[in-house]
Amino acid sequence: MAIPFAASFRALVRPSGAFAEGPPPLGRALGRMLATWVPLALVHAGLTAWGALEIYGGFRRNGPPAWLAWAMGAGPEELEGLFRALPPPPAFGRIWPWLLLIVPIGVLGTWLHHAVWDHTGLWLLGGLKQKRGLRASLVAEAEALRVAAVGTLAGLLGFVPGLGVLLAVPLLLLDGYLWLFRGFALAARHGCEPWRGVAATVVHAALLGGCALGLAAMMLLLLRVSS
């Protein structure tokens with residue numbers, strides 16, 4: 001009897017040989033990624049939405065916790081009245097049909113985002129000498145994200161009462177490893193050294209962080225000028 005995700009776990013343990021076989025066609029790689037990741041992402045998104053609605057409803061009934069009131073610099077009584085004036089949360093039954101549309105689009109957007117930015121990082125590091133093009137990166141990202149879907153599976157443990165806090169740091173470390181893991185697929189499909197592929201994902205993170213910081217600085221500057 002086949003063990004679910006056994007091949008993915010083996011690939012994560014031995015990433016250097018996980019993509020030794022020839023690349024599959026793009027359509028097949030994308031289809032396998034969607035078939036693996038989308039169901040897990042739907043469960044994760046459903047639990048996240050359910051939890052968010054419960055938290056919102058709790059804030060509306062009882063007001064925010066003391067630490068949030070302190071962070072917002074307002075008195076608990078003032079915030080309690082403010083939260084009680086908020087509209088009631090929608091029923092979960094009205095939200096979950098939208099997840100059936102939003103989650104697959106989000107998965108495809110994540111795949112395209114990683115492919116373009118990782119491809120750019122690999123280009124900056126001189127890893128595109130064989131000139132296999134963006135299509136090779138699209139295949140690599142689809143293969144890597146299919147394997148990395150086990151991170152979404154592991155993330156479901158965070159919703160178990162009592163385990164969320166205990167697993168916060170291990171799950172964060174797993175997310176970091178899965179981010180770097182894409183680099184092995186990228187290197188294999190472009191025929192370059194694994195370190196270049198892994199470093200490309202680091203460059204991706206650095207570029208993304210730089211853009212985020214630049215945007216935040218620009219917004220802060222605009223706020224100061226307008227005031």
Do [X] and [Y] belong to the same hydrophobic cluster, where Ile, Leu, Val, Met, Phe, Trp and Tyr are linked whenever their side-chain heavy atoms lie under 4.5 Å apart, directly or via other members?
X: W98; Y: W96; result: no
X: L40; Y: Y177; result: yes
X: L47; Y: I102; result: no
X: W50; Y: I55; result: no
X: L156; Y: V147; result: yes

Minimum heavy-atom distance between [X] and [Y], given as atom pair plus value:
X: L208; Y: W117; result: N-CZ3, 3.6 Å
X: L186; Y: G197; result: CD2-O, 4.3 Å
X: V103; Y: A45; result: CG2-CB, 3.7 Å
X: V203; Y: G121; result: CG1-CA, 3.9 Å
X: S137; Y: A115; result: CB-O, 4.1 Å
X: G46; Y: F92; result: O-CE1, 3.5 Å

Please tell me if the side chains of [X] and [Y] come closer than 4.5 Å, counting only heavy atoms from C-beta onward.
X: T152; Y: V43; answer: no
X: L53; Y: I95; answer: yes
X: L174; Y: V150; answer: no
X: P104; Y: L34; answer: no

Donor-acceptor contact below 3.5 Å, side chain [X] vs main chain [Y]:
X: Q130; Y: G191; answer: yes
X: T201; Y: V198; answer: yes
X: W111; Y: L138; answer: yes
X: Y56; Y: P88; answer: no
X: R196; Y: L125; answer: yes

Point-to-point distance, once rounded to the nearest 0.5 Å, from [atom1] of [X] to [atom2] of [Y]:
X: L108; Y: L30; atom1: CG; atom2: CG; value: 6.0 Å
X: L178; Y: L173; atom1: CG; atom2: CG; value: 11.0 Å
X: L180; Y: D175; atom1: CG; atom2: CG; value: 11.0 Å
X: L145; Y: W37; atom1: CG; atom2: CH2; value: 5.0 Å
X: W195; Y: F184; atom1: CH2; atom2: CZ; value: 13.0 Å
X: L134; Y: L122; atom1: CG; atom2: CG; value: 11.5 Å

### T120: side-chain hydrogen bond (donor to acceptor under 3.5 Å, both in side chains) partners, not counting sequence neighbours
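side-chain hydrogen bond (donor to acceptor under 3.5 Å, both in side chains) check on T120 returns nothing, list empty.
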
### Task
On the 0 to 90° scale, with breaks at 30° and 60°, tag the F159-H44 ring pair as parallel, tilted or perpendicular.
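Perpendicular.
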
### Task
Measure up the H190 and H119 rings against each other and bin them: parallel (under 30°), tilted (30 to 60°), perpendicular (over 60°).
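H190 vs H119 ring planes: tilted.
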
### Message
Using side-chain contact (heavy atoms from CB on, under 4.5 Å), reason through L124 and L207 one step at a time and then give a plain yes or no.
### Response
CA-CA 11 Å; L124 292 173; L207 292 174; 4.2 Å; yes

### Query
Which is it for H204 and H113 under the side-chain contact (heavy atoms from CB on, under 4.5 Å) test, yes or no, and what are the steps along the way?
CA-CA 10 Å; H204 172 178; H113 166 88; 3.1 Å; yes

### Query
Does the ring of W179 carry R182 above it, NZ/CZ under 6.0 angstrom from centre and within 45° of its axis?
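The answer is yes; both the distance and angle limits are met.
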
### Message
Please determine whether a side-chain nitrogen of the Lys or Arg among R189 and E143 lies less than 4.0 Å from a carboxylate oxygen of the Asp or Glu.
### Response
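Counted as a salt bridge, because a side-chain N and a carboxylate O are separated by less than 4.0 Å.
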
